[in-house]
Amino acid sequence: MTNENCECTGHHTHPVKRITPELTGDLELARMAEIFQCFSDPTRLKIINALLLSELCVCDLVKLMHMTQPAVSHHLKQLRQMRLVKCRRAGKSIFYSLDDYHIQLLFDLCRTHLNEVHGKEA
């Protein structure tokens, strides 16, 4: 077990001065936190997972998720607001897909990390 308490009496001036200009800004961190909040819901993750595999309309997602149309639409609205999901109209149908490949990277990276963590515990 590591001791997370530093035993020095002051801060380490050199690394603090060196990294301060490179720190991500508060506004950008807040926006990142909003994206991670979208990823924190298992239902939205399941929708993202499905959209990784195929473009789908709401009725497809309703059947796949075993949820009502308003509930699925609510989650899709949140995902659209964070620009994680986009939609296109084809006649009377609206089809959903991931906004760009970064969403797949985030999903896959999280899954890879999870598999590594559980691999170390086994």
- [ ] Give me the other members of the hydrophobic cluster that M32 sits in, counting Ile, Leu, Val, Met, Phe, Trp and Tyr linked by side-chain heavy atoms under 4.5 Å, directly or via other members.
- [x] L29
Task: ILVMFWY network linking L52 to V72, side-chain heavy atoms under 4.5 angstrom - done: yes
- [ ] Using side-chain contact (heavy atoms from CB on, under 4.5 Å) as the criterion, list what pairs up with E22, not counting sequence neighbours.
- [x] none
Task: Interatomic spacing from CG in L56 to NZ in K63 - rounded to 0.5 Å - done: 12.5 Å
Open item on the list: Would you compute the distance between atom CG of L76 and atom SG of C87 and round it to the nearest 0.5 angstrom?
Closed with: 9.0 Å
Open item on the list: Looking at every non-hydrogen atom in both residues, tell me the closest pair between C38 and Q78 and how far apart they are.
Closed with: SG-O, 3.8 Å
TODO: Find the distance between CG (L23) and CD (E28) and round it off to the nearest 0.5 Å.
DONE: 11.5 Å
- [ ] Indicate if I94 and V62 have the same hydrophobic cluster label, given that clusters are the connected sets of ILVMFWY residues with side-chain heavy-atom separations under 4.5 angstrom.
- [x] yes
- [ ] Starting from the C-alpha separation in whole Å, work towards a yes-or-no answer on side-chain contact (heavy atoms from CB on, under 4.5 Å) for M65 and H75.
- [x] CA-CA 11 Å; M65 302 296 295; H75 287 290; over 6 Å; no
Task: Apart from Y101 itself, residues in the same hydrophobic cluster as defined by side-chain heavy atoms under 4.5 Å - done: L105
Open item on the list: Closer than 3.5 angstrom, by distance alone: can the side chain of N115 be matched with the main-chain N or O of T112 as a donor-acceptor pair?
Closed with: no
Task: Among I48, L53, I47, N49, the one residue meeting side-chain contact (heavy atoms from CB on, under 4.5 Å) with L51 - done: I47
Open item on the list: Return the CD1 to CG distance between I35 and L106, rounded to the nearest 0.5 Å.
Closed with: 7.5 Å
Open item on the list: I'd like to check Y96 versus D60 (side-chain heavy atoms, cut-off strictly below 4.5 Å). Are they in contact?
Closed with: no
Open item on the list: Rounded to the nearest 0.5 Å, what separates atom NZ in K46 from atom CG in L64?
Closed with: 6.0 Å
Task: Side chain S73, main chain P70, donor-acceptor under 3.5 Å - done: no
Task: Separation between NE2 of H113 and NE2 of H118, rounded to the nearest 0.5 Å - done: 9.0 Å
TODO: Check for a donor-acceptor pair, side chain of R83 on one end and backbone N or O of D100 on the other, with a separation under 3.5 Å.
DONE: no
- [ ] Treating Ile, Leu, Val, Met, Phe, Trp and Tyr as nodes and any side-chain heavy-atom pair under 4.5 angstrom as an edge, say whether F95 and L61 lie in one connected cluster.
- [x] no
TODO: Carefully, step by step, assess S97 and K86 under the rule side-chain contact (heavy atoms from CB on, under 4.5 Å).
DONE: CA-CA 6 Å; S97 60; K86 62 184 177 184; 3.4 Å; yes
